[in-house]
Amino acid sequence: MKILQLLGIFLISMTATLASCSDDDKPDYMDLSIKKVDIKADGGEITLVCNSNVKYVVNHSCEWLNIQNAVTEGDATTFDIKVAPNTETEERNGRIKFIGEGIAPKSFDIRQFGFIPTGISVTSITVESNETSAKFDVLGEGAWTAVSSNPDYILTPSSGDGDTHVTITFPENTGTDDITAVITVTIDGKNYILTLTHTGVKIDGIIAEWPINQLLNNISTTWGTRELENKPGFIDAYIEPLTGSGNIRYYSCDKTGWTKLSGYACYVQTGGKGDPIFKTTLKDDYWLITGGLASGMDIPSGRKIRFEYTASITKDCCPYWIVEYLDGNEWKPAIATNDITLTASTGLSGDAVSHSETVTYNYKFEGAGIYTLVEGEFTLQNENKNVQLRLHPVGQVSTGGLYIDRLSTNCSSRFSAQHPHENGTAVKKYEQSIKIEFAD
């Protein structure tokens, strides 16, 4: 008859002592029903039987093993061993030792597999506009399938069994808006979602720029110096940008019937530093600056645009001007406006007149030959192929307070490479550009 004595069977490090009354006719022995076992990561229970006719102790040092119960019948003791789940991806090994008096010890080895994640390696991926592929892993041991919400985003492979590397291929995103593809991976009836964001093209910096001094040779060719006809419309002269696309042109109103004060009626001239000049600028004339991206992409809505240029006028030109931008089909003031009433009692011709007009303007030239920096910001509400700025005088009263009733070569306007006047003093630097850029 054997007597089982268990000591601390619920401790993490287990020691059990078994005592028996051995038969003189049986040799001392100890056997285990199993020597080793493999168990899955989620754990479970193991039943082990130790047959012995000698006293022995049971011990181990694994926190994840727990002997729940031990029941003895004769020489056989049945142990119920609980194995905790393995939350790590690496496998682990444990050993329970049975040490008997006067005989070789016995060992029971347990190998528990590492945790195998089931699902997908990532739930979101962001790629740049010029990228054309991305990767993720399907995790687990079961069969799986995957589908993309966007047919342009192709999965290779789109099904498999067990751990698999999956490649997503797609064309470049040439637009400015982000593109989203939702990848749904189904494993054993459960869906796992991956969201891929393909960012739009980032358009920042300068849209178009005309560094006047650097463009001297080009401007001399495309703008030139010559007398023009009086017919209305855009004159056959232009300036192309160094950066971006577009041009600068001049719209001349119908000057038929106007009397020339002296010399010629309409004239274009290129200054020594490349300044484009138009002589006989009237309030129905305008400069048109068109700037676009070199890539040909549209300018998206909601973007803040900044512009700047330096300009000057001569003494017979109106000093009050407005700069507007085209938003969709509507011209809007590019900077804040003011109203003023202009009056004149004498014309450029010397004739007596009685003239009064209230005009809306958003910048003023402080005098003839004063180089003035004009700059501002606005936000486009509509997507546009390019940015268009329109600049024109708003009145028919000159800087000297005379009514403009004759065509005068002293009624001219220009963009300039020269640095703006500072406190009324000319600054002989020639670094000024006509520039349109993103401000956000």
- Message: If you apply the rule ring pair (Phe, Tyr, Trp, His ring centres under 6.0 Å), what do you find for Phe115 with Phe113, and how did you get there?
- Response: CA-CA 7 Å; Phe115 170 71; Phe113 296 117; over 10 Å; no
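Thr310 and Ser416 form no side-chain donor-acceptor contact under 3.5 Å, judged by distance and modelled atom types alone. Using modelled atom types and a 3.5 Å distance limit, the side chains of Thr145 and Ser159 yield no donor-acceptor pair.
Sorted by first then second residue, the salt bridge (charged side-chain N to carboxylate O under 4.0 Å, His left out) pairs that include residues 277-291, not counting sequence neighbours, are Lys255-Asp285, Lys283-Glu357. Within the structure, ring-ring contact (aromatic ring centres under 6.0 Å, His included) pairs that include any residue of residues 169-191 comprise Tyr153-Phe170, Phe170-His198 (at least two apart or interchain). Sorted by first and then second residue, the salt bridge (charged side-chain N to carboxylate O under 4.0 Å, His left out) pairs with a member in residues 412-430 read Asp275-Arg414; sequence neighbours excluded. Listed by first and then second residue, the side chain to side chain donor-acceptor pair (under 3.5 Å) pairs involving residues 286-296 are Trp287-Ser413 (not counting sequence neighbours). Note on residues 130-141: pairs passing side chain to side chain donor-acceptor pair (under 3.5 Å), not counting sequence neighbours, are Asp137-His165. Applying the side chain to side chain donor-acceptor pair (under 3.5 Å) definition to pairs two or more places apart or across chains, those involving residues 236-247 are Arg226-Asp236. For the salt bridge (charged side-chain N to carboxylate O under 4.0 Å, His left out) condition, the pairs that include at least one residue of residues 318-332, sequence neighbours left out, are Glu324-Arg390, Asp327-Lys332. Under the side chain to side chain donor-acceptor pair (under 3.5 Å) criterion, the residue pairs touching residues 175-186 are Thr186-Asn191, with sequence neighbours excluded. The salt bridge (charged side-chain N to carboxylate O under 4.0 Å, His left out) analysis of residues 97-124, with sequence neighbours excluded, yields the pairs Asp38-Arg111, Arg95-Asp109.
To the nearest 0.5 Å, atom CD1 of residue Ile235 and atom SG of residue Cys266 are 8.5 Å apart. Here Lys273 contributes atom NZ and Ile219 contributes atom CD1; the two are 13.0 Å apart, rounded to the nearest 0.5 Å.
Relative orientation of the Tyr325 and Phe378 rings is parallel, given thresholds of 30° and 60° on the angle between their planes. The aromatic rings of Tyr250 and Phe278 lie parallel to each other, with less than 30° between the two planes, well short of the 60° mark.
Of all heavy-atom pairs between Ala237 and Trp223, the closest is CB-CE3, 3.6 Å. When all heavy atoms are compared, the tightest approach of Gly94 to Leu65 is CA-CD1, 4.5 Å.
Asp440 is linked by a salt bridge (charged side-chain N to carboxylate O under 4.0 Å, His left out) to Arg303, counting only residues two or more places apart in sequence or in another chain. Not counting sequence neighbours, Tyr371 has no partner by the side chain to side chain donor-acceptor pair (under 3.5 Å) test. Every residue was checked against the side chain to side chain donor-acceptor pair (under 3.5 Å) condition with Thr270, not counting sequence neighbours, and none meets it.
Crowding of Glu377 atom CD: a count of heavy atoms from other residues, nucleotides or ligands under 6.0 Å exceeding 12.
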